[in-house]
Protein chains: 2
Amino acid sequence: MPKVGMEPLRRRALIDATISAIGDRGSLDVTMSEIASRAGVSSALAHHYFGAKDELLQATMRHLLAELNADTRQALAAASTPRQRVSAVIAVNFSDKQFQPETIAAWLAFYVEAQKSTALRRLLRIYARRLHSNLMSGLSDLLPLTEADSAAEGIAALIDGLYIRRALKQGEPDAHSAITLVTDYLEMKLALRPAAPTPRSR
Amino acid sequence: MPKVGMEPLRRRALIDATISAIGDRGSLDVTMSEIASRAGVSSALAHHYFGAKDELLQATMRHLLAELNADTRQALAAASTPRQRVSAVIAVNFSDKQFQPETIAAWLAFYVEAQKSTALRRLLRIYARRLHSNLMSGLSDLLPLTEADSAAEGIAALIDGLYIRRALKQGEPDAHSAITLVTDYLEMKLALRPAAPTPRSR
DNA sequence: TATTTTTTATTGACTGATCAATCAATAAAG
DNA sequence: CTTTATTGATTGATCAGTCAATAAAAAATA
């Protein structure tokens, strides 16, 4: 039973502190000292574990991405029909855990930073691809490929748009109306073509 | 015939330089010197005319907002049916003038900065309100109020979402497919209820 | 018109603050 | 006695904002 060292604990604490700092400030303009002090350590220690600020930021985003991914997988596992799969993916993005001012602010800030940083841009592209493919995992059984693809595109745009719009408002996020709006879009897409997808696969 | 002073010329040049600098860097992390040198003047002069960096940033955003507004009014004036009004509003947001990497990056950056700055947040709220009301100017003649409202909400979210997603891609913006996606949404909304709006007004 | 005076335009040099990053020193495990 | 954990102090760079000085235009005065 090896006692773990401090490293993983500190890394995690620093990442959490980064999210909360970004959430408060609303931007990536947070100092290493601010982050470190939230994590209860010195800024020198933050540098010790992450080397440079960039890397801490990247690690934080990777963490966000990983959590979203884990939540999504879990939700997908619980869905039994294609239609449920689509709803599950949508629901995860507006779940209490994800659709929080802090997290939303962090995502938004990363979007902007991605313009400068190739590493962050790469990560965001991964997110976009994953979201698309997760949506397709249900949609491709409900619509012909081309239409499934455009539906996925629309849903993804709606999600991102609702995130950014949310960032402007104050008070608690209204996940319910967001889900309604996206689901409404989905249902219209499905209603227009109640027919089966391309030639029966399987 | 009074010769104009330098002030309006310089202000305009500095605002243009700000947009282009933000577009290049992809964020509001641009120095006054960078902006000033793009405008061909010293940073001291930029401070002379704008006082502080904040004010230059606000002025720049006000400029962007004003241009979008002017374009929208013009487009609305040329539309003769409610349906055309809605399309016009959508089209403006993806016009060559608006849907440009530089401008898109600037909007995105302002969204983030708005988390910190009350003044910028106020301006973005104005933008959101205007967009909604411009959309409603056509929609309210095509759908019952509640549905018109939710359609406007959806269209606005789609536009913002497509902007943010666009920022991730490289190369020329694909305005055409963006317009198609939004129009498709609009048409579905209209198709579902081809009936007239609430009691005939007028 | 020629001249002085005032206002406008413009800058280089400077200041003070902020911060990321480094490092040498110390303590505590293993 | 070697590796891991941790920090205070420091360095060097970057910037926003200021200021005093200069030049050029405009206005006022002679």
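Model, not experiment: these values are computed from the prediction.
A perpendicular orientation is assigned to the rings of B:Tyr111 and B:Tyr127, their planes being inclined by more than 60° (bins at 30° and 60°).
Heavy atoms of B:Phe50 sit nowhere under 4.0 angstrom from any nucleic acid atom.
Partners of A:Gln84 by side-chain hydrogen bond (donor to acceptor under 3.5 Å, both in side chains), not counting sequence neighbours, listed by chain and number: A:Ser80.
Of the side-chain N and O atoms in B:Tyr49, one or more sit less than 4.0 angstrom from OP1 or OP2 of C:dT10. Taking only side-chain nitrogens and oxygens, A:Arg10 never comes nearer than 4.0 Å to OP1 or OP2 of D:dT4.
One can place CG of B:Leu9 at 15 Å from C1' of C:dT10, the figure rounded to the nearest angstrom. The CG-P distance, from A:Leu56 to C:dA21, rounds to 10 Å in whole Å. As rounded to whole Å, 17 Å separates atom P of D:dC19 from atom CG of B:Leu45. One interatomic measurement links the two molecules: NE2 of B:His48 to C1' of C:dT7, which rounds to 11 Å at whole-angstrom precision.
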Inset, instruction - Go through the steps for B:Asp184 and A:Lys189 under the test salt bridge (Lys or Arg N to Asp or Glu O under 4.0 Å), then give the verdict. - result: CA-CA 10 Å; B:Asp184 177 56; A:Lys189 279 280 185 189; 2.6 Å; yes
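Remark: side-chain polar atoms of A:Arg25 are not paired, donor with acceptor, to backbone N or O of A:Val30 under 3.5 angstrom.
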Inset, instruction - List the protein contact pattern of nucleotides 10-17 of chain D with one symbol per nucleotide (5' to 3'): B for base contact, S for sugar-phosphate-only contact, - for none; contact means a heavy-atom distance under 4.0 Å. - result: -----SSB
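B:Thr72 and B:Asn69 are not linked by any side-chain donor-acceptor pair at a separation below 3.5 angstrom, with hydrogens and angles left out of the test. Side-chain N/O atoms of B:Thr146 and B:Asp149 include no donor and acceptor closer than 3.5 Å.
Residue A:Met6 places its side chain closer to D:dA5 than to any other of C:dT10, D:dA5, D:dT7.
When the C1' atoms of four end pairs are superposed on the next four at each end of the helix from C:dT1-D:dA30 to C:dG30-D:dC1, using five pairs per end, the two resulting axes differ in direction by 10°, to 10°.
Closest heavy-atom contact between B:Arg121 and B:Ala114: NH1-O, 2.7 Å.
Inter-residue side-chain proximity for B:Met6 and B:Tyr49 is flagged as met; some heavy-atom pair is nearer than 4.5 Å.
The aromatic ring centres of B:Phe99 and B:Tyr163 sit less than 6.0 Å apart.
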